[in-house]
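I have placed the structure first, in the form of structure tokens, so that the comments after it can refer back to it.
Every value quoted in this text rests on a predicted model; they were computed, and no experiment measured them.
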Amino acid sequence: MPSDTTIIGLIPARAGSKRVQGKNFRRLSGHPLIAYTIVAALDSKIFSSVIVSTDSPIIAEISQYYGAEVPFLRPTEFAGDLSPDIEWIQYTLFELEQRGFVYDAFSILRPTSPFRQVETIQRAWNQFRQKTEVDSLRAVEKCKQHPGKMWVVKEQRISPLLSGGPTQPPWHSTPYQGLPEVYVQNASLEMAWSKVIDQFATISGNKIIPFFTEGFEGLDINDSKDWWYAEHLLAQGEAKLPIIKKEPIHLEAL
């Protein structure tokens with residue numbers, strides 16, 4: 001891979017949040033949640049630009065305070081509860097291209113993974129750029145709820161979600177340690193070549209390599225229980241946040 005290969009960091013942070021109101025700018029250890037992702041991305045030194053995609057002027061102001069760029073707000077039609085990532089990414093890359101900025105690759109860094117470290121991002125980028133003939137990289141971790149023990153319900157009967165496994169014993173009656181290893185994606189990060197968007201109209205393409213997160217790098221804050229757990233981990237010294245050297249932002253809206 002050429003040494004001048006460019007990658008842009010994209011941080012999605014829409015205003016709406018059903019499970020934790022104002023999640024992206026709610027304070028965790030003094031700073032808004034999104035600040036930790038911005039600072040980790042900037043301090044990784046791998047991105048040509050770190051851009052926040054948001055439909056919220058408040059989030060835009062916070063993001064700019066912590067060093068990210070917000071060249072434009074995301075249109076509301078791409079900021080709904082069911083809006084797929086491909087829509088806002090296509091829009092963002094197109095608008096940047098119209099301004100003369102084109103990047104070889106992009107990375108999605110979601111604010112809900114505050115324990116993602118500078119080293120996490122650097123490790124992922126090193127793994128991704130060393131591979132050939134791949135479309136993307138996606139963060140995964142070993143699943144805790146194994147699909148071999150999951151069921152579907154139809155007409156008051158249940159049947160295993162997965163078929164084709166052994167029968168003596170079946171997967172649903174096998175100890176977890178005896179089941180095939182299965183991994184679940186987490187929200188820590190994704191990386192892909194920009195050409196994947198045009199070739200496949202998806203954010204990942206077909207040839208995807210795993211990035212195995214370690215410790216709490218992939219912890220995703222989605223609801224109030226997750227928020228409590230994040231605060232508990234910090235209080236117990238079991239997890240750490242990226243270091244922010246700026247004073248916490250002061251906004252009346254916060």
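Between Met191 and Gln127 there is no side-chain heavy-atom pair separated by less than 4.5 Å. Put simply, the side chain of Ile38 reaches to within 4.5 Å of the side chain of Ser63, judged on heavy atoms. Val196 is not listed as a side-chain neighbour of Ser136, based on a closest heavy-atom distance of 4.5 Å or more. Put simply, the side chain of Tyr176 does not reach to within 4.5 Å of the side chain of Lys144, judged on heavy atoms. Here the side chains of Pro32 and Tyr65 are not in contact, with every heavy-atom distance at 4.5 Å or above.
If you chain together hydrophobic residues whose side chains sit under 4.5 Å apart, Ile203 and Leu189 never meet in one group. Taking hydrophobic clusters as Ile, Leu, Val, Met, Phe, Trp and Tyr residues chained together by side-chain heavy-atom distances below 4.5 Å, Val39 shares a cluster with Phe115. Two different hydrophobic clusters hold Ile11 and Ile86 under the rule that ILVMFWY side chains link at heavy-atom gaps under 4.5 Å. Ile8 and Val118 fall into different hydrophobic clusters, where Ile, Leu, Val, Met, Phe, Trp and Tyr residues are linked whenever their side-chain heavy atoms come under 4.5 Å apart, directly or through other members. Hydrophobic clustering keeps Ile89 apart from Phe200 (ILVMFWY residues linked when any side-chain heavy atoms are closer than 4.5 Å, directly or through intermediates).
Taking all atoms of both residues into account, the shortest heavy-atom contact from Ala13 to Ile34 is CB-CD1, 3.6 Å. Minimum interatomic distance between Thr213 and Ala139 (heavy atoms only, all atoms of both residues): CG2-CB, 3.8 Å. The minimum heavy-atom distance between Leu33 and Pro111, with the atom names listed, is CG-O, 3.4 Å. Across every non-hydrogen atom of Ser107 and Ile7, the tightest pair is CB-CD1, 4.0 Å. Minimum heavy-atom separation, Arg110 to Asp85: NH2-OD2, 2.7 Å. Across all non-hydrogen atoms, the minimal contact from Ile209 to Val134 is CG2-CG1, 3.6 Å.
Ring geometry, Tyr229 versus Phe216: the interplanar angle exceeds 60°, so the pair is classed perpendicular (tilted spans 30 to 60°).
Counted within 6.0 Å of CG on Leu161, heavy atoms from surrounding residues, nucleotides or ligands total more than 12; the atom is thus considered enclosed. For Glu247, the CD atom is loosely surrounded, since the number of other residues' heavy atoms within 6.0 Å does not exceed 12. Open room surrounds CD on Gln145; 12 or fewer heavy atoms of other groups in view lie less than 6.0 Å from it.
Using a 3.5 Å distance cut-off with no hydrogens or angles, the side chains of Thr120 and Glu217 do pair a donor with an acceptor. Side chains of Thr54 and Arg74: no donor on one and acceptor on the other come within 3.5 Å. A side-chain N or O of Tyr103 and one of Ser49 form a donor-acceptor pair less than 3.5 Å apart. There is a side-chain donor-acceptor pair under 3.5 Å between Asp104 and Thr6.
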Before giving the answer on side-chain contact (heavy atoms from CB on, under 4.5 Å), spell out for Gln185 and Glu190 the whole-Å C-alpha distance, their side-chain angles and the decisive distance to 0.1 Å. CA-CA 10 Å; Gln185 68 185 41; Glu190 298 157 62; over 6 Å; no
Evaluation steps, side-chain contact (heavy atoms from CB on, under 4.5 Å), between Trp193 and Phe128: CA-CA 10 Å; Trp193 297 112; Phe128 181 55; 3.4 Å; yes
Output, in order, the C-alpha distance, side-chain angles, deciding distance and verdict of ring-ring contact (aromatic ring centres under 6.0 Å, His included) for His146 and Trp171. CA-CA 9 Å; His146 199 285; Trp171 278 334; 7.1 Å; no
Between Glu214 and Arg123, does the side-chain contact (heavy atoms from CB on, under 4.5 Å) criterion hold? Intermediate values first, please. CA-CA 11 Å; Glu214 302 171 358; Arg123 193 171 81 247; 3.7 Å; yes
Would Met150 and Leu162 count as a side-chain contact (heavy atoms from CB on, under 4.5 Å) if you check the C-alpha gap in whole Å, the side-chain angles of each, and the deciding distance to 0.1 Å? CA-CA 8 Å; Met150 294 182 182; Leu162 298 184; over 6 Å; no
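Residues passing the ring-ring contact (aromatic ring centres under 6.0 Å, His included) test with Tyr66 are His31, sequence neighbours excluded. Among residues two or more places apart in sequence or in another chain, the side-chain contact (heavy atoms from CB on, under 4.5 Å) test is passed with Trp228 by His232. Residues passing the side chain to side chain donor-acceptor pair (under 3.5 Å) test with Arg99 are Glu95, sequence neighbours excluded. Here Ser29 pairs with nothing under the side chain to side chain donor-acceptor pair (under 3.5 Å) rule; sequence neighbours left out. In this structure, the ring-ring contact (aromatic ring centres under 6.0 Å, His included) partners of Phe78, at least two apart in sequence or on a different chain, are Tyr91.
Other members of the hydrophobic cluster containing Tyr183, listed by chain and number, are Val140, Phe212; membership follows side-chain contacts under 4.5 Å among ILVMFWY residues, whether direct or relayed.
Each of Ile249, Ile59, Val70, Val52 was evaluated against Gln64; a single residue qualifies, Val70, per the side chain to side chain contact (heavy atoms under 4.5 Å, CB included) test. Checking Asn222, Asp220, Thr37 one by one against Thr112, the side chain to side chain donor-acceptor pair (under 3.5 Å) holds for a single residue, Asp220.
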